[in-house]
2 protein chains.
Amino acid sequence: MPPMPAPPDLDPFDRAILSILQKDNTTPQRAIGERVNLSAPAVQRRIKRMQERGVIRANVALVDPARVGHPITIFVEVEVESERAELIDAAKRGFATVPEVQQCYYVTGEADFILVVTVATMADYEALTRRLFFENNNVKRFRTFVAMDRVKVGLEVPVGAPHLP
Amino acid sequence: MPPMPAPPDLDPFDRAILSILQKDNTTPQRAIGERVNLSAPAVQRRIKRMQERGVIRANVALVDPARVGHPITIFVEVEVESERAELIDAAKRGFATVPEVQQCYYVTGEADFILVVTVATMADYEALTRRLFFENNNVKRFRTFVAMDRVKVGLEVPVGAPHLP
DNA sequence: GGTGAAAATACTACCTG
DNA sequence: CAGGTAGTATTTTCACC
């Protein structure tokens, strides 16, 4: 089980900064400071703290898959034969190392894994399913959902207000 | 149908730059230049061009949902009653405006939509399903998959080599 | 957390192949 | 037309209050 650190308490300043950075992390600290009523160095210190605490996981450029030769996005629901720990772990490692697999989640429910895959052509996807599923004895069944429209691709996490369960 | 611009041809330099920026877009242009054997301004020009062409969609900070009070990630498969265009569009708008809905895709296959949702508690999810699905007459059925492990959350698109179908 | 100065970085011409 | 060079403008970062 991964360590689950107590959620660092973020005050309204932190949340405001996060919501800006999630949209555009090239926003100058001075500009952020003006919007949240803080000096640039104060903003800087808060950002550094959130990075150290793991609130901010990474700073990245988001690339449009369609414009780099991967126009097709596919969701795949995978069901396995056995849920034995070693087999599950092996499957996790297997999926995680495939570049075409953008996201992979281990889930409860009627499936065991959900993958998000991007490929250039359906032929590539077909080849991928061979490698990933047909050659894997532990895969019982998989279902394919081809994305026709990316209605919302935002990765922003709502930071509006803390939730007290 | 959204305009589908011809994929801008990216040379190996562009691809190398992209693969760096997808991991860390705070990397100084000088450092990028050293790694790809280009001067900093050359790198800068290429980045700007890729931004203008939409290859780079955005520059963002990735926030760990668990650390901002949304420890639960859920995939939802939604099936609708009618696929009439207005109803589908209404559903798209409805889903897209909900902050808890991180991602929403309109897909082919045994479901019509796939949503990725983050919430603080299962009670919040339950409340969300009420608002989103039970109050919507056009939703026939939905299936819930709760993420137990985020095996891979990377959003990097493979830019290794162009694919010629 | 604010203020100021210093360092690093990004940006803009301008020139070259 | 794309890249390199050099100078300028911003931005980040650090010491101090």
Side-chain angles (χ1 to χ4, degrees), chain A residues 5-64 67-69 155-156 159-162, chain B residues 5-64 67-69 155-157 159-162 164:
Chain A
D9 32 302
L10 307 169
D11 65 16
F13 285 115
D14 289 326
R15 294 178 187 280
I17 293 170
L18 276 186
S19 96
I20 293 172
L21 258 29
Q22 283 193 105
K23 296 195 189 75
D24 179 7
N25 73 353
T26 67
T27 313
Q29 295 165 355
R30 181 186 47 75
I32 298 174
E34 285 168 12
R35 283 171 58 182
V36 303
N37 284 317
L38 235 46
S39 70
V43 171
Q44 153 78 325
R45 284 190 281 258
R46 283 166 177 274
I47 292 175
K48 168 170 273 187
R49 225 181 20 156
M50 291 193 283
Q51 284 174 153
E52 290 165 351
R53 292 187 182 179
V55 176
I56 295 175
R57 247 192 134 89
N59 287 283
V60 303
L62 295 184
V63 170
D64 185 343
R67 286 181 157 93
V68 294
L155 306 151
E156 300 103 85
V159 288
Chain B
D9 33 301
L10 307 170
D11 65 17
F13 286 116
D14 289 326
R15 293 178 187 280
I17 294 170
L18 275 186
S19 96
I20 294 171
L21 292 179
Q22 284 193 105
K23 295 194 190 77
D24 180 7
N25 73 353
T26 68
T27 313
Q29 295 167 354
R30 180 187 51 75
I32 299 174
E34 284 168 13
R35 284 172 57 181
V36 303
N37 284 318
L38 235 47
S39 70
V43 171
Q44 152 78 329
R45 285 188 281 258
R46 282 168 178 273
I47 292 175
K48 168 171 272 184
R49 219 176 28 146
M50 291 193 283
Q51 284 175 155
E52 289 164 352
R53 292 187 182 178
V55 176
I56 295 175
R57 246 191 134 86
N59 288 283
V60 303
L62 295 184
V63 170
D64 185 343
R67 285 183 159 90
V68 294
L155 306 147
E156 300 102 86
V157 181
V159 289
L164 305 181

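Since the model is a prediction, treat every value here as computed from it, not as a measurement.
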Once you round it to whole Å, what is the distance between [atom2] of [N] and [atom1] of [X]?
X: L38(B); N: dA10(C); atom1: CG; atom2: P; value: 15 Å
X: E34(A); N: dG2(C); atom1: CD; atom2: C1'; value: 15 Å
X: F13(B); N: dG3(D); atom1: CZ; atom2: P; value: 7 Å
X: D9(B); N: dA2(D); atom1: CG; atom2: P; value: 10 Å
X: N25(B); N: dT11(D); atom1: CG; atom2: C1'; value: 15 Å
X: R30(B); N: dA6(D); atom1: CZ; atom2: P; value: 16 Å
X: I32(B); N: dA8(C); atom1: CD1; atom2: C1'; value: 15 Å
X: L10(B); N: dA2(D); atom1: CG; atom2: P; value: 13 Å

Going by modelled atom types, is there a donor-acceptor pair between the base of dG1(C) and the side chain of R46(A) at under 3.5 Å?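 Answer no: no donor N or O sits under 3.5 Å from an acceptor.
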The side chain of [X] is closest to which nucleotide in this list: [options]?
X: R49(B); options: dT11(D), dG2(C), dA2(D); result: dA2(D)
X: R45(B); options: dG4(D), dT9(C), dT12(D); result: dG4(D)
X: A42(A); options: dG1(C), dG4(D), dC14(D); result: dG1(C)
X: P41(B); options: dT12(D), dT12(C), dG4(C); result: dT12(C)

Canonical and wobble pairing (Watson-Crick, G-U, under 3.5 Å) of DNA chain C, dot-bracket with |: |||||.|||||||||||
Hey, could you give me the CD1/CD distance between I17(B) and Q22(B), rounded to the nearest 0.5 Å? 12.5 Å
How would you label the contact of Q29(A) with the nucleic acid (heavy atoms, under 4.0 Å): base, sugar-phosphate, or nothing? base
Taking all atoms of both residues into account, what is the closest heavy-atom pair of L38(B) and F13(B), and its distance?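 Looking at all heavy atoms of both residues, the shortest contact is CD1-CE2, 3.6 Å.
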OP1 or OP2 of dT12(D) sitting under 4.0 Å from any side-chain N/O of Q44(A)? no
Just one of T26(B), N25(B), N59(B) clears the side chain to side chain donor-acceptor pair (under 3.5 Å) bar with N25(A), so which one? N25(B)
Quick check on R49(B): does its CZ atom have over 12 non-hydrogen neighbours (other residues, nucleotides or ligands) under 6.0 Å away? yes
